[in-house]
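Report on the structure given below.
All values below were derived from every heavy atom in this structure, side-chain atoms included, with hydrogens, water molecules and symmetry-related copies excluded. Residue numbers begin at 1 in each chain, while the letters A, B, ... track the order of the sequences.
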Amino acid sequence: MACVIFLINFSPYFQTFMTTTLLEKEKQTTHFSFTGRGSEYFAIEIVNIVLTIVTLGLYYPWAKAKSLQYLYRKTELAGTPFVFHGTGKEMFIGFIKGLGVFLVLYAILIYGFISEDPGTLLIAYGVFLLGLLAILPLALHGMMRYRTSRTSWRGIHLGYRGELSDMYSTYLIGFFLTILTLGIYGSWFVVKLRKQMIDNVRFGNVRLRYVGDGGDLFLIHVKGYFLSVFTLGIYLFWYTKNLLHFYVNNIVVLQEDGTYSRLQCQVSGWDVLKLTVGNILIVIFTLGLGIPLTTTRTMSLIMNNTVMSGQFDADALVQTEEAYDSATYESMSDMMDIGVI
Amino acid sequence: MIFEGKYYNGQSSKGMPAQITLLADGLRIDYCADEVTGSVHWELAGMHPSEFNDATTLLRYGKFPQQSISVVDKGFKEALLQQYRGAAFLKSGYNSVLSLGFSGIAIMALSLLGLLVAFLIWGVPALADRVAMHFPESYERALGEQLYTKMLQGYQVNDKKTAALNAYLSELNTDLDYPITAAVVTSDEVNAFAIPGGYVVVYEGILDKMEHHEELAALMGHELAHIRNRHSLRAMTRSLSYYMLASVLFGDVSGVAAVLVDNASTLRNLEYSRTLELEADREGLELLRRNELNEQGAILLMERLQSGSELEMLAFVSTHPNTGDRIKVLNELIAETKRPAKEKPELERYWEQLKGE
């Protein structure tokens, strides 16, 4: 525990540094908003489901692209929507490649089972796990590259400048430290990974920084766990709110002239409770058909309650990306459902 | 027609006030910001498909970095549709669905739901049955052998009675393609079951209750019918397909869903096995006829089961139909064909061996 407290003490450093400079200039607020409607998204998803069933699943990447195009188009920053440029074809190629990798891994595992030899099974299982471990950083890296390069706002593309080798070292070191510390390091690992991913995002000439601290996340988990147990789960909604705030509010947006702003999510525990209960009821009473409605509800709540606070000049962004393509990794992480952003 | 909007040149996020003119071969955009003024021409072929627009219409043009315009004017959208009817950038299958309105979408959703439910209720069992019926016999036998050895591990086999039962079965005209392997196990339970591939396990408890060998023949007829019609294999493929479907739909890790579906399929199997039990009863009777044995054996067997430990209350939810109902059905079947029965000394002899302590 000594080590934990030591690390927690580090976190105020960033905050004091940030607020002192922020006070010098007048704060302004730039709003995010979500204008999508449940009924529209529902219609889009119905078409997607029908086409996916009719094509025995082959349409899935195109369906995914359409959903993302809709959700991005209806998400606005400072009154201008985002655009998702990804296409079904790109995602299809990635989907096929990802599927290939998984088939090979599962084939090895199944071979181990069929051989009925404990030694072979153990080796096959080891290869399978190592394979998964080796793919995850690649999938995360690829997803960041793909998603950011395919997103634009006012014609300015996002981009990802992270190195794959850095992603591997961050991931593998964090993974083994988490195992060695029986999971305690997990909070620091998650923060390191977020730093690796978010710090390398470019939004034209704008940079992002993730300033969250592992100790804070660890405390949120400890508090969340015990209070959830004591309150018979009711605290879970506030626990979720705390995590959401930790992930969003620690993102700093830096502009080239040195000014910056911070994301601020104002969702409350009550909001999370209403959202979750509502979503569960929708899913149950529509036999799962209403899942698109839960997506738009969630997007509305988060986007309409998130602002950028500080100095953000929406007109000062300059294009810095070059054309990029490869969809391999996008669908792979999608298949494993890592859900990073 | 001229519309007011914002123009983004793809280099900067600065929205420049612009006038957009709809021409026959494309758009002309005259922009003006601070000291910069300019004009660009967008050809129709270079414009990107534009879906999901609302009050704001967003159009994009050209290769990376794309230029774009945004026009907050509902009239712009309509003017585009009128001027460039059928142009590639305006085509969208999704937009046409969105314009169906609430009732159209609701009808689509409900019919989809109906189709899914129909597929779950009729499609999956039918497919599973087809798979089970086309399952190669050698695999079925191998699978059965595994299950059989596994099941026998928990019991003590009575070798003498097992030999007598197998001899009895070989004397019987069973009309079954499979070689039959039967075992008698030491247990007071009144039970017997069939395993795919021609394996039968009979508990001593049920043999002790019987008084005539025709009852044994009826029991064997019933169990062998299960094997011939691959009843357990079909039941297995059914629950397996529901299980697989659930894991595809909810993702492999979702244990809750698997448990839910498992229970649901068990409930469905109740209905399923009731019809199958009646089918096996009917075919079991066939066996008695083929061997010219007293068909009353089947009735007697049922009565033994009824008088036994089986609780009537439980029978309602058990996998077997109500015994009274079964007796009724069997009586109707026997009444249809009244035939004299013959004595079978060979069978009697093995029966004596089976009953002898």
Locate the shortest heavy-atom distance separating [X] from [Y]; write the atom from each residue and the value.
| X | Y | value |
| --- | --- | --- |
| A:Thr80 | B:Tyr8 | OG1-OH, 4.0 Å |
| A:Gln319 | B:Pro65 | NE2-CB, 3.2 Å |
| B:Phe52 | A:Lys74 | O-NZ, 2.8 Å |
| A:Gly155 | B:Ser68 | N-OG, 4.4 Å |
| B:Leu98 | A:Ala43 | CD2-CB, 3.7 Å |

Chain B contact via [X] - which portion, at a heavy-atom distance below 4.5 Å:
| X | value |
| --- | --- |
| A:Thr35 | side chain |
| A:Ile156 | side chain |
| A:Glu45 | neither |
| A:Thr320 | neither |

Looking at [atom1] of [X] and [atom2] of [Y], how far apart are the two atoms once the value is rounded to the nearest 0.5 Å?
| X | Y | atom1 | atom2 | value |
| --- | --- | --- | --- | --- |
| A:Leu289 | B:Leu110 | CG | CG | 8.0 Å |
| A:Glu40 | B:Tyr94 | CD | OH | 14.0 Å |
| A:Leu317 | B:Gln11 | CG | CD | 13.0 Å |

Can you tell which of [options] has the highest number of heavy-atom pairs within less than 4.5 Å of chain A?
| options | value |
| --- | --- |
| B:Leu113, B:Leu116, B:Val117 | B:Leu113 |
| B:Glu51, B:Met108, B:Gln67 | B:Glu51 |
| B:Asn53, B:Thr56, B:Leu115 | B:Asn53 |

If you count heavy-atom pairs under 4.5 Å between each of A:Ser39, A:Gly204, A:Ala314 and chain B, which one has the most? A:Ala314
Pairs of heavy atoms under 4.5 Å with chain B: top-ranked of A:Asn205, A:Val83, A:Val50, A:Thr286: A:Val83
Below 4.5 Å from any heavy atom of chain A, which atoms of B:Leu58 appear? Answer side chain, backbone, both or neither. both
Name the region of B:Ser70, side chain, backbone, both or neither, that has any atom closer than 4.5 Å to a heavy atom of chain A. neither
Side chains of A:His85 and B:Arg60 in contact at under 4.5 Å (non-hydrogen atoms): yes
Ion pair present between A:Arg37 and B:Asp54, side-chain N to carboxylate O less than 4.0 angstrom? no
Distance flag, aromatic centroids of B:Phe64 and A:His157, threshold under 6.0 Å: yes
